[in-house]
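Below, all heavy atoms of this structure are taken into account, side chains as well, without hydrogens, waters or symmetry copies. Every number for a ligand or one of its atoms is a count from 1 in the order of the listing.
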Amino acid sequence: MARHCPTCNRSSDDIRFFGEFCEICTIEKLGRKIPTELKITICKRCDRLRFGNEFIERDDALLGDLLQKGFKEWDVKLISSTGDAAIVELSKPEQHIDGIRQEIKLIYQKQLCPKCNRRAASYYEGIIQLRGSPERVQKMLMKLEKVFEANDEFFSRVDPVNNGINVFISSKKLAAAFMSERGLKPTMSYELYGLKNGKKLYRNTYALHLD
Ligand SMILES: [Zn+2]
Ligand SMILES: [Zn+2]
């Protein structure tokens, strides 16, 4: 049997109902409580999106999480998205509201993520000095590059020198892991370059002779 909306008298034969009221009246009643836009922080260099304290490659799963985090009082389901808008379905099961379709405007706030920031500042924590025949130096450089890329770290500079190259690296920790995993035993030296919260900061130099 058809129900009728107590506000506008529309029939449930003609329109969807959420609980006791029709869709139109429900949406009208909610009015400005229905979200229309979401602010997203994007890295202007690598285009990754900020989620909590991290910057992550954009995909629908991430966008869905961002929308849900932004509109906590709703159950949010992402239907589709373009660069500057997302179509979602908003629900509040406890109020019998099931899937209001809504277009959300995506508003981007640009900044540099920590990684791109360090890159822009030519940040480095250490220098790996590769020495030996050009072939072995090149081979080791490629291995190193692969590991740094896979771990989201980088070289801020690669300088050719007389009998090899100097690689300015963004992570001491990753360099140490690289060396120990391969049983490499570099000659280490340390240079004090600053203080952070009263702690001394050192840059490590790893001299590696490959022949
Ligand atoms: Zn109504
Ligand atoms: Zn970035």
- request: Taking the Zn ion (ligand 2) as the vertex, measure the angle between atom SG in Cys46 and atom SG in Cys113; round to 10°.
  value: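 That angle is 110°.
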task: Could you please compute the angle at the Zn ion (ligand 1) from SG of Cys8 to SG of Cys5, rounded to 10°?
output: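 Angle SG(Cys5)-the Zn ion (ligand 1)-SG(Cys8): 110°, rounded to 10°.
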message: Only to 10 degrees, please: what angle do the SG atom of Cys22 and the SG atom of Cys25 make about the Zn ion (ligand 1)?
response: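 Reported to 10°, the angle equals 100°.
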query: Taking NZ, NE, NH1 and NH2 as the nitrogens, is one of them in Arg101 or Glu89 under 4.0 Å from a carboxylate oxygen of the other?
result: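 Counted as a salt bridge, because a side-chain N and a carboxylate O are separated by less than 4.0 Å.
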- prompt: Are any of the side-chain nitrogens in Glu153 or Arg118 under 4.0 Å away from the carboxylate oxygens of its partner?
  reply: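 Arg118 and Glu153: salt-bridged.
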message: Ring-plane angle category for Phe168 and Tyr124, please: parallel below 30°, perpendicular beyond 60°, tilted otherwise.
response: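 The arrangement is perpendicular - the two ring planes meet at more than 60°.
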field: Cation-aromatic face contact Lys115/Phe55, 6.0 Å, 45 degrees
entry: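 That pair does not qualify as a cation-pi contact.
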